2 protein chains.
Amino acid sequence: MKGKATSFDIAHYAGVSQSTVSRALRNSPLVNEETRRRVHEVAKQLNYKVDKNASNLRTQQSSTLALLLFEDPTSDESQINPFFLAMLGSITRACAKEGYDLLVSFQSSSSDWQADYEDSHRADGLILLGYGDYLDYQPKFKTLIDQHTKFVCWGASVDNRPDLTVSCDNYGGGKLAAEHLLATGRTDCAFIGDASDHSPEFFARYQGFKDAFLAKGIKLNERKMANAISTEESGYHATRSLIANNIRFNSLFAASDLIAIGAIRALKEAKIKVPDDVHVVGFDNIAVASFVNPPLTTVQQDTTLAGQMLVDNLLKLIRGEHVENTLLPPRLIIRGSSV
Amino acid sequence: MKGKATSFDIAHYAGVSQSTVSRALRNSPLVNEETRRRVHEVAKQLNYKVDKNASNLRTQQSSTLALLLFEDPTSDESQINPFFLAMLGSITRACAKEGYDLLVSFQSSSSDWQADYEDSHRADGLILLGYGDYLDYQPKFKTLIDQHTKFVCWGASVDNRPDLTVSCDNYGGGKLAAEHLLATGRTDCAFIGDASDHSPEFFARYQGFKDAFLAKGIKLNERKMANAISTEESGYHATRSLIANNIRFNSLFAASDLIAIGAIRALKEAKIKVPDDVHVVGFDNIAVASFVNPPLTTVQQDTTLAGQMLVDNLLKLIRGEHVENTLLPPRLIIRGSSV
DNA sequence: TGACATTATGACACCGGTGTCAGATTAGGA
DNA sequence: TCCTAATCTGACACCGGTGTCATAATGTCA
């Protein structure tokens with residue numbers, strides 16, 4: 001057999017028309033049981049596989065989702081944020097479970113990102129994943145909505161369309177972290193992250209954290225804060241600058257685990273002991289968290305559930321079903337860095 | 001405008017035929033400069049995107065590669081081997097660079113894996129990634145070759161077709177590890193991994209390691225070996241069983257970093273100090289390696305280069321060009337676990 | 001036995017591009 | 001001025017399926 005078999009080849013060998021082959025292979029009730037069997041038989045022998053391009057072209061859908069990964073442009077090229085990789089894994093699994101294929105693509109948020117997977121009929125919908133720079137994305141979101149592109153995004157909320165967002169309850173997670181530190185009696189707390197509304201997830205974490213302290217009548221000292229993006233390097237430098245400015249604290253909340261790991265490095269370097277001198281709590285529960293020294297207390301985001309929800313919601317959108325705003329419950333994982 | 005624009009819409013507005021539109025958009029030299037400009041103009045206004053399904057159907061190729069990830073069926077569902085995730089990242093980037101899209105799919109090596117991406121014209125070729133169980137795969141490889149499926153694989157070698165494999169020089173890497181331990185004077189060495197030919201990569205690492213010791217006239221003690229697959233758990237249990245059997249050693253070579261990390265946990269638990277009592281060397285240089293305590297000495301595999309080579313070789317195969325067997329040089333990264 | 005519903009099948013248009021071929025127009029050369 | 005070559009464009013078949021419609025074969029009931 002030269003080249004790949006087509007449904008016409010099968011039709012020929014099975015002694016039926018090509019239409020019937022198409023129907024038989026998709027188990028249409030219109031086709032006779034005996035015929036169906038025979039067609040399947042021949043198809044198997046010829047190792048026939050439906051041509052997805054032809055099929056997709058005709059049906060105008062692709063059984064494929066596209067995952068767009070946005071990375072902090074400043075992060076090292078070779079190292080991808082492990083939290084996103086975990087998400088990628090769970091999204092892949094969720095797609096497979098639903099019978100969808102997944103196209104993966106990295107976007108650098110600085111450049112003009114190409115969301116044309118849907119326009120070009122390569123994918124039925126998009127999943128946007130990133131510690132989104134909130135403000136920069138809004139115009140893009142609007143374009144996507146105007147074009148009726150189906151998409152969901154992680155973290156960053158879309159104006160007036162809360163149903164398009166799946167995210168961890170960052171505010172609640174921040175509270176969990178705060179309550180834990182308060183319970184251990186460490187009320188003089190530093191925050192490393194970004195408390196501007198540029199980074200909505202970090203902002204929400206900080207808000208929850210702050211409010212939990214306020215609820216106990218404690219006001220966080222604004223001077224004990226330093227900005228950082230979600231890399232180890234950034235966390236290290238931010239913490240170093242606090243130390244260099246002679247700012248004292250007995251506990252530290254980092255907006256992400258990578259930041260926390262960088263912070264611990266800076267603290268160690270300054271001969272500040274973790275957890276004896278400073279309790280440290282991170283956010284994400286990436287795989288590394290349990291291996292660092294000391295093991296990192298952190299707020300876990302359930303990536304498996306998150307991936308599943310992103311896919312589920314997107315499929316609902318594609319099918320035109322109603323979707324609710326989705327907020328996933330965080331969970332505190334207590335380890336050696338704070339006890 | 002209802003629905004998506006097609007090339008006929010553009011033809012209409014630009015006052016030319018659809019054929020000309022198609023040519024103009026692909027910058028065919030056949031079309032007049034002025035016409036080309038006008039067509040592009042209209043296309044942009046209508047936000048036109050070529051329908052990939054139609055295009056792929058006609059041209060019989062997809063500008064897409066598929067990545068099949070094989071995981072150890074025993075590994076935890078939620079945690080994917082970080083080494084593979086790093087590879088995934090670099091493969092994605094390499095694909096983007098070459099203008100190809102990437103379909104990602106997880107396969108459980110136990111079940112019958114579906115390699116029909118190419119048959120169904122979804123992808124032009126396959127990249128196989130996994131700590132392959134060598135023997136199980138050979139029949140599958142044969143089928144793929146018989147069907148003229150274009151594919152490359154990482155690690156596992158394909159009988160008679162060395163050109164289909166890209167891999168790290170595992171033998172050389174094992175030697176590097178051995179020479180380092182010898183240089184530190186730790187000649188009484190344990191090995192955790194799989195030294196059977198079931199796991200070709202681990203086997204090669206062990207061979208290189210063993211030969212380097214032999215070159216110094218030292219024969220490794222077979223009793224100081226334990227089998228493990230590439231998970232932290234497995235490394236932990238394997239090491240524990242050695243300790244439980246009262247087997248002594250002053251250095252340890254693990255076939256992968258995850259195994260090494262598990263081994264360190266087992267050692268610590270038994271109050272055996274790393275590196276004072278036992279020097280530990282791993283393999284892979286996953287991101288975690290530098291964060292564990294003590295930081296792990298390891299043999300680095302250059303994942304960026306590996307991803308690039310896999311993609312490059314696959315594209316060459318697709319284009320029918322000659323491909324060489326590809327072996328990437330490993331590099332020793334010395335950290336606290338062995339000095 | 002004729003009228004009608006049911007079942008199974010084939011013919012055919014269609015999805016939206018790409019590639020080939022033929023034809024129109026203009027330019028160039030004798 | 002006429003002929004040939006070069007340039008540009010449109011018509012059309014084609015890729016390999018899917019869905020609609022018409023039709024043949026069979027069964028049912030009055």
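Throughout, protein chains are lettered first and strands after them, A, B, ... in sequence-line order, and every chain is numbered starting at 1. Quick caveat, the model's predicted, so the values are computed rather than measured. For the numbers below, each heavy atom of this structure counts, side chains included, while hydrogens, waters and symmetry mates do not.
- If you walk DNA chain D from 5' to 3' and mark each nucleotide with an atom closer than 4.0 Å to a heavy atom of chain A, the marks span D/dG16 to D/dT20.
- Atom NE2 in A/His12 sits about 14 Å away from atom P in C/dG10, given to the nearest Å.
- For the atom pair CG of B/Leu30 and CZ of B/Arg23, the computed distance is 6.0 Å after rounding to the nearest 0.5 Å.
- Each end of the helix from C/dT1-D/dA30 to C/dA30-D/dT1 gets its own axis, taken as the rotation carrying the C1' atoms of four end pairs onto the next four within a five-pair window, and the two axes meet at 50° to the nearest 10 degrees.
- Every residue two or more places apart in sequence or in another chain was checked for a salt bridge (charged side-chain N to carboxylate O under 4.0 Å, His left out) with A/Asp312, and none qualifies.
- Counting only heavy atoms from C-beta outward, the side chains of B/Leu315 and B/Leu65 approach each other to under 4.5 Å.
- Heavy atoms of B/Ser19 sit under 4.0 angstrom from at least one base atom.
- Looking at heavy-atom distances under 4.0 Å, A/Gln60 makes contact with sugar-phosphate atoms alone, never a base.
- If you check every strand for non-hydrogen atoms under 4.0 Å, A/Arg23 touches a base.
- Rounded to whole Å, the distance from CG on A/Leu30 to P on C/dA5 is 18 Å.
- B/Asp119 and A/Tyr48 form no side-chain donor-acceptor contact under 3.5 Å, judged by distance and modelled atom types alone.
- In the model, B/Asp124 has a side-chain atom that pairs as donor or acceptor with a side-chain atom of B/Ser62 under 3.5 Å.
- Distance check, rounded to the nearest 0.5 Å: CG of B/Leu46 to NE2 of B/His12 gives 11.0 Å.
- Considering only heavy atoms from C-beta on, A/Thr64 stays 4.5 Å or farther from A/Tyr117 through its side chain.
- A/Thr6 comes within contact range of the sugar-phosphate backbone alone, with a heavy-atom separation under 4.0 Å but no base atom that close.
- Ranked by how close their nearest DNA chain D nucleotide is to the 5' end, B/Thr35 and B/Arg58 are led by B/Thr35.
- Using a 4.0 Å cut-off between charged side-chain N and carboxylate O, A/Glu41 and A/Arg38 make no salt bridge.
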